[in-house]
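Beneath this line is the structure, given in structure tokens, with notes to follow.
Letters A, B, ... are given to chains in the order of the sequence lines, protein chains preceding strands, and every chain is numbered from 1. Any value given below was found using the heavy atoms of this structure, including those in side chains, with hydrogens, waters and symmetry copies removed.
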Amino acid sequence: MSSKIIIGQYVPSNSVIHRLDPRVKLVTVFLFVIFVFFANNTLSYGWLSVFAITSALLTKINLKYIIRGLTPIWFLVIFTFLLHLFVTHEGQILFQIFGLPIYSGALIQGGAISLRFFLLILMTSLMTLTTTPIEITDAIELLLHPLKKIKFPVHELALMMSISLRFIPTLMQETEKISKAQASRGVDFKTGPLKERIQAVVPLLIPLFVGAFKRAEELAMAMEARGYQGGEGRTKLRELSIRRLDWSAMLVFLVVIIGLFLFRQ
Amino acid sequence: MDIVFQQVSYIYQPNSPFEHQALKNLSFSIASGSFVAIVGHTGSGKSTLIQHLNGLLRPTVGELRIGEYQLKANEKLANIKALRRQVGVVFQYPEHQLFEETVEKDIAFGPKNFGIASADIERRIPQVMKAVNLPLDLLKRSPFELSGGQMRRVAIAGVLALEPTLLVLDEPTAGLDPKGQLEIMDMFAALHKQKGLTTVLVTHNMEDALKYADHVIILENGTKYLEGKPEDIFIEKEKLESVQLDLPEEIQFLQTFQQRFGLSIPYRGQSITELAHEIKQRLEGMNQNE
């Protein structure tokens, strides 16, 4: 069940998008999220959609897989669309559903908002699909580096992030394993009254927490044993560097932004 | 309970970049009351196979029968709880499933879920504690205060308390010391005999497979590679080595012995002491002939 959701999932490959510097991807997605709100007509929305879909195709990940993975988000997109459809009262009345008038403005606005929402989700998932959690943390650490001057604990924050990201799949596996073991002992997670199903979670949660604490302790011990002492004087195995590919990607994105401002009204 | 697999295939995460076929067209049958060892390299599909035995997984293609229960692709089993009540599964590192406040409550957890009367459960608890060789005064302790080996035994007791007719063991001795391994395996062998269970053992340990099983199935890449009696399977040195499996120590010794000294001793399930005795007799016999 959980395997169908792709948010936060990394799909290994060697596409152009995969090879981009994670800092470039992070900043691009961040700026894209802001600039989506500047689109205000068919042409500018179309322009951004072309950019997003081209990026999706460039990842070489099966488009069907991406779209299906966003299923839980589709629900939100459709909900937003319907909300706008019935609440907005602009333009002419086109037709009526169950006695509720549908305005032309509502149709346009509903469509625009859901498209905006879809583009946001698509671009952010493209980033996590093509970037390993470690790369993301490295990028964040480097991007936040200037904040060190004001004594902001950048390295510690990045370390906390990478540890939690690292253990998400481990905990997921552990959850699956324990739920299978308890199901074999007669726990029913899927049917029965709600109260019983909530109680069924206890035999799952307790071993999970016990295991997580044990793991945290072991990790702390292992780090101490190897003399870990934070970011001071620490070097990296994988140095991030901006290469020609990254410069071209930034150039393309700049063109997209300029295009957006030319096309919007 | 007898088990019949008919061309079972299982695919993890179909239609995704992570699609992986763990079982391919697997067919075999296990007679009721037998002790079967399932052996194979990491990733050969052993764990996937045993999860079919109590309906945790359903085949993607094909069907299987466990006793009177049929599991088919695309068809939910209505009385899955009745099946699970009869199939006790000891997973790898079963101590991770402990959660109750006391050992006693944890052992009672399974039977209670299957609606077994509390008087009956109270009768079973001391029995299973004795079976796993734990003193009764541990019953009121928290399972998390115990040593690793004791926790393992409590978890196994929790499965045995279901009084299953089919016992499935997934590397039950992994991570135990040699003495603990021997104790636990002997305990399972004794239970198997006493209660007339059908036992399915997944193991990396060829010596265990040879010693306890009366039937061996070797998996490779999700398909059945070899199947038969352990004495017949474990002399196929080349075939085993091509799937990165070793011969059991006893047979390895006998084969090397024959190469070095030209003395052939067929393996018929002798223990190490019996083998030593037999070799001694044969050597003495040779001396007298000279």
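Remark: B:Glu101 CD is loosely packed, at most 12 non-hydrogen atoms of other residues, nucleotides or ligands lying under 6.0 Å away. Within a 6.0 Å radius of CD1 in A:Ile134, other residues, nucleotides and ligands contribute 12 heavy atoms or fewer. For A:Lys60, the NZ atom counts as loosely surrounded, since its 6.0 Å shell holds 12 or fewer non-hydrogen atoms of other residues, nucleotides or ligands. Other residues, nucleotides and ligands contribute only 12 or fewer heavy atoms inside 6.0 Å of the CZ atom of A:Arg244. With a 6.0 Å radius and a threshold of 12 heavy atoms from other residues, nucleotides or ligands, A:Glu224 has its CD atom at or below the threshold. Atom NZ of A:Lys177 has more than 12 heavy atoms from other residues, nucleotides or ligands within 6.0 Å.
The part of B:Leu162 that comes within reach of chain A is its side chain, from C-beta onward, which places non-hydrogen atoms under 4.5 angstrom from that chain. Only the side chain of B:Leu57 comes within less than 4.5 Å of a heavy atom of chain A; its backbone N, CA, C and O stay farther away. Contact annotation for A:Val210: only side-chain heavy atoms (C-beta onward) come within less than 4.5 Å of a heavy atom of chain B. Heavy atoms closer than 4.5 Å to chain B are found nowhere in A:Lys64, neither backbone nor side chain. Using a 4.5 Å cut-off between heavy atoms, B:Phe144 touches chain A through its side chain atoms alone.
For the pair B:Gln97 (side chain) and A:Pro207 (backbone), a donor-acceptor distance under 3.5 Å is absent.
In this structure, B:Phe114 and A:Gly186 approach most closely via the heavy-atom pair CZ-CA, 3.3 Å.
Atoms CD and OH, from B:Gln13 and A:Tyr65 in turn, are 7.0 Å apart once rounded to the nearest 0.5 Å. The NZ atom of A:Lys180 sits 7.5 Å away from the CZ atom of B:Phe91 when rounded to the nearest 0.5 Å. Separating the OG atom in A:Ser179 from the CG atom in B:Leu56 is a distance of 8.5 Å, to the nearest 0.5 Å.
At least one side-chain heavy atom of A:Val11 sits less than 4.5 Å from a side-chain heavy atom of B:Phe18.
Contact count versus chain A (heavy atoms, under 4.5 Å) is highest, among B:Asp106, B:Val90, B:Ile80, B:Val87, for B:Asp106. Considering only heavy-atom pairs separated by less than 4.5 Å from chain B, the leading option among A:Ile178, A:Val202, A:Val187 is A:Val187. Contacts with chain A were tallied for B:Gln92, B:Arg84, B:Glu100; B:Arg84 has the most, counting heavy-atom pairs under 4.5 Å.
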